[in-house]
Amino acid sequence: MANGQWFPPDWPDRIRALADGTLTPVTPRRAATVMLLRDTGTGPAVHMLRRRASMAFAGGAYAYPGGGVDPRDDDHLVRWAGPTRAWWADRLGVDETAAQAIVCAAVRETYEEAGVLLAGPGPDSVVGDTTGADWEADRAALVARELSFAEFLERRGLALRSDLLGAWTRWITPEFEPRRYDTWFFVAALPEGQRTRNASTEADRTVWIRPGDAAASYDRGELLMMPPTIATLRQLIPYGSPAEALAAAPARDLTPVLARARLVAGEVVLSWPGHDEFTKHIPTGTGPA
């Protein structure tokens, strides 16, 4: 493998099954992931975690904090600061209840997996250090789904700071995957006074790395990543600070990126619209090219 592109080993067989009509796509689950940025003085660094090698899916690959939407956050109105739910619904292309749940998922997953909380007691404040035992107990309850994020905010008397997030892009897991996600990617800046930690049970390492350095390591085959991860890293390279990236977010196109598989001259061609570097050619009778 010339670069660090990671593909599940069963993709060729599943792609062929989709192409010949023997595979029915599953409905994708809503999800959110956050590219958490901090200023280094020479440009932003992004917080990444490496999935444990023992993980059945994408083991050893680098990713951002993220995960599925908790349906409980659809219908429990949370304290909210920043752009309204209606604004977010228009931006994300969903209704207002779904918009709240997706934004909640982005903030919740960042807290669960990185220990960083984009919330505060008021519309212009953010909590400070969240590493105490009482915070950890709440974080563990969120991870175990014993506590919804809306309930957590209510218990703590906190408002979700939606203004600290910028919607960046949207990717949908290919139709031939057994587990599919409709994922909104966000950018956010590390709040002053907070610090990240490896709070995820699915990760064995976390790093702060400049997007250009991470992309270069991927190109050399040193860091494994899935297409959405390296694509978003490359998109972050032009920005000189977290603030610049956040300022650019509202103008970004959120048209979903969905991989397409088609049969061409005896092989399956797998491609992502607008991302030619990920195009893969798979012979119809053998494994990956």
Side-chain angles (χ1 to χ4, degrees), residues 30-39 44 46-47 64-114 116-128 130 142 148-154 156-172 181-194 228 232 235-236 239-257:
R30 297 171 301 165
T33 191
V34 178
M35 299 178 285
L36 187 64
L37 306 174
R38 75 175 183 191
D39 215 335
V46 62
H47 180 72
Y64 313 113
V69 164
D70 184 343
R72 293 176 296 179
D73 292 330
D74 281 84
D75 52 15
H76 187 139
L77 209 59
V78 304
R79 285 183 61 196
W80 193 270
T84 65
R85 292 170 181 80
W87 185 93
W88 277 106
D90 182 65
R91 178 73 182 116
L92 301 179
V94 297
D95 62 33
E96 289 189 34
T97 55
Q100 173 180 282
I102 292 162
V103 173
C104 279
V107 177
R108 188 198 72 242
E109 289 288 339
T110 305
Y111 182 52
E112 287 182 6
E113 298 194 344
V116 170
L117 183 58
L118 305 176
D124 301 313
S125 60
V126 183
V127 296
T130 62
L142 285 168
S148 76
F149 193 62
E151 292 166 340
F152 164 73
L153 292 175
E154 188 173 273
R156 289 276 178 178
L158 298 174
L160 183 151
R161 289 287 306 276
S162 78
D163 55 317
L164 299 181
L165 287 168
W168 193 260
T169 190
R170 180 181 177 185
W171 287 62
I172 300 177
Y181 296 93
D182 184 352
T183 305
W184 284 262
F185 285 69
F186 296 84
V187 289
L190 179 68
E192 186 175 352
Q194 294 193 37
T232 48
Q235 291 162 358
L236 288 172
Y239 299 98
S241 68
E244 284 186 17
L246 277 163
R252 291 204 36 97
D253 183 8
L254 293 187
T255 301
V257 179

query: Does the side-chain contact (heavy atoms from CB on, under 4.5 Å) test come out yes or no for D73 and R108, once each step is laid out?
result: CA-CA 10 Å; D73 292 330; R108 188 198 72 242; 3.9 Å; yes
message: Set out, in order, the CA-CA distance, both residues' side-chain angles and the distance that settles ring-ring contact (aromatic ring centres under 6.0 Å, His included) for F152 and Y111, then state yes or no.
response: CA-CA 11 Å; F152 164 73; Y111 182 52; 5.5 Å; yes
message: Evaluate D70 against E109 for side-chain contact (heavy atoms from CB on, under 4.5 Å), listing each step before the verdict.
response: CA-CA 10 Å; D70 184 343; E109 289 288 339; over 6 Å; no
- request: Take E96 and T84 through the test side-chain contact (heavy atoms from CB on, under 4.5 Å) and record every step on the way to the result.
  value: CA-CA 9 Å; E96 289 189 34; T84 65; over 6 Å; no
message: Apply side-chain contact (heavy atoms from CB on, under 4.5 Å) to residues F186 and I102 and explain how you reach the verdict.
response: CA-CA 10 Å; F186 296 84; I102 292 162; 3.9 Å; yes
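The shortest side-chain heavy-atom distance between P228 and T183 does not fall under the 4.5 Å cut-off. Inter-residue side-chain proximity for R79 and L153 is flagged as unmet; no heavy-atom pair is nearer than 4.5 Å. When side chains are defined from C-beta on, W80 counts as touching V103, because their heavy atoms get closer than 4.5 Å. Proximity of H47 to V34: side-chain heavy atoms (C-beta onward) are nowhere separated by under 4.5 Å. A heavy-atom distance below 4.5 Å is found between the side chains of W184 and R30. Annotation: side chain of R91 is in contact with side chain of R252 (closest heavy-atom distance under 4.5 Å). Using a 4.5 Å cut-off on side-chain heavy atoms (C-beta onward), E154 and L77 make no contact. At a threshold of 4.5 Å between non-hydrogen side-chain atoms, the residues D39 and P44 do not count as touching.
Expressed to the nearest 0.5 Å, how far CG of L160 lies from CG of L165 amounts to 7.0 Å. A distance of 11.0 Å separates CZ in R170 from CG in D253, rounded to the nearest 0.5 Å. Of the inter-residue distances, the one linking L246 atom CG with M35 atom CE reads 9.5 Å to the nearest 0.5 angstrom.
Contact detail for L37 and A245: the closest heavy-atom pair is CD1-CB, 3.8 Å. Nearest heavy atoms, G82 versus D163: CA-CB, 3.8 Å. Closest of all the heavy-atom pairs between P256 and I172 is CB-CD1, 3.6 Å. Nearest heavy atoms, V126 versus Q194: CG1-NE2, 3.4 Å. Residues L118 and A188 share a closest heavy-atom pair of CD1-CB, 3.8 Å. Considering all non-hydrogen atoms of both residues, G68 and A105 come closest at O-CB, 4.2 Å.
A donor-acceptor pair is defined here as one N or O able to donate and one able to accept, closer than 3.5 Å; such a pair exists between the side chain of S162 and the backbone of P83.
A side chain to side chain contact (heavy atoms under 4.5 Å, CB included) with Y64 is found for exactly one of T110, T33, V187, namely T33.
When only modelled atom types and interatomic distance are considered, W168 and T232 share no side-chain donor-acceptor pair under 3.5 Å.
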